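These figures come from a predicted structure and were not determined experimentally.
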Amino acid sequence: MAQVELSGSAEKPRGADEAVRRLLLISSSPGSKVSEQEAQRVFSVSMTISALRCLLSYVALPILTPLVGVAASVGPWVGIPIAVAALYFDVKGIRRLWATQYRWRWHLTVVYLAVMGLVTYLLVGDILKLFT
């Protein structure tokens, strides 16, 4: 696998990789490897849960709760656990990408962080709805 050069030095990506591994509490020992298939599976699961959270919050609950006579305030009670699960799997997925040294780990980490930002925003909104 080729190293990407930053500012003319091939050492910076390796240092950046090590810094991210330390931040994610991932061991650098060879025995801690996870298969690429497992990393891809966890990515798929975490993105599916995050998408489910958004679909429930913005499509299903606003349409279905009035139809079945349930108050719209049920949304946060459903959204909060799903958001927490989505964030858990997002973090787990990022850790798997970095543990496998997956070649697209930097790109997918950006995707994960964007999704986590959206889910966190929705989670905070749901928590605020419970207390207002």
Do [X] and [Y] touch side chain to side chain, with heavy atoms closer than 4.5 Å?
{"X": "Ile94", "Y": "Met116", "value": "yes"}
{"X": "Trp104", "Y": "Leu97", "value": "no"}
{"X": "Trp106", "Y": "Val20", "value": "yes"}
{"X": "Asp17", "Y": "Arg105", "value": "yes"}
{"X": "Phe89", "Y": "Thr48", "value": "no"}

Inset, instruction - Go through the structure and list residues passing ring pair (Phe, Tyr, Trp, His ring centres under 6.0 Å) with Tyr112, not counting sequence neighbours. - result: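 Checked Tyr112 against ring pair (Phe, Tyr, Trp, His ring centres under 6.0 Å); matches are Phe43.
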
Legend entry - Rounded distance [0.5 Å steps], CD1 in Ile49 versus OG in Ser44: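 Between atom CD1 of Ile49 and atom OG of Ser44 there are 11.0 Å.
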
Legend entry - Euclidean distance, Leu87 CG relative to Ser50 OG, rounded to 0.5 Å: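 The OG atom of Ser50 sits 7.0 Å away from the CG atom of Leu87.
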
Legend entry - Hphob cluster co-occupancy, Val124 + Leu118, side-chain heavy atoms under 4.5 angstrom: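 No, Val124 does not connect to Leu118 through the hydrophobic network.
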
Legend entry - Cluster overlap Val111 with Leu23, hydrophobic side-chain contacts below 4.5 Å: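 Different clusters: Val111 never reaches Leu23 through Ile, Leu, Val, Met, Phe, Trp or Tyr contacts under 4.5 Å.
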
Inset, instruction - Can you sort out the partners of Ile127 under side-chain contact (heavy atoms from CB on, under 4.5 Å), two or more places apart, ordered by chain and number? - result: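 side-chain contact (heavy atoms from CB on, under 4.5 Å) check on Ile127 returns Ile80, Leu123, Phe131.
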
Inset, instruction - Name all pairs fulfilling the salt bridge (Lys or Arg N to Asp or Glu O under 4.0 Å) condition that reach into residues 122-132, sequence neighbours left out, sorted by first residue then second. - result: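 Of all non-adjacent pairs touching residues 122-132, those that pass salt bridge (Lys or Arg N to Asp or Glu O under 4.0 Å) are Arg53-Asp126.
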
Legend entry - Lys NZ or Arg CZ of Arg21 over Trp98 ring: under 6.0 Å, within 45°: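 Relative to the ring axis of Trp98, which defines the angle, Arg21 lies outside at least one limit.
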
Legend entry - Criterion side chain to side chain contact (heavy atoms under 4.5 Å, CB included) against Leu113, the qualifying member of Val110, Thr109, Val115: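 By the side chain to side chain contact (heavy atoms under 4.5 Å, CB included) criterion, Leu113 pairs with just one of Val110, Thr109, Val115: Thr109.
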
Inset, instruction - Locate the shortest heavy-atom distance separating Ala99 from Ile26; write the atom from each residue and the value. - result: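 In terms of heavy atoms, the two residues are closest at N-CD1, 3.9 Å.
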
Legend entry - Shortest non-hydrogen separation from Ala86 to Val119 and the atoms involved: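 Heavy atoms only, the tightest pair is CB-CG1, 4.3 Å.
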
Inset, instruction - Mark yes or no for whether Arg95, through its side chain, and Leu25, through its backbone, hold a donor-acceptor pair below 3.5 Å. - result: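 Side chain of Arg95 to backbone of Leu25, a donor-acceptor pair under 3.5 Å: yes, one is there.
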
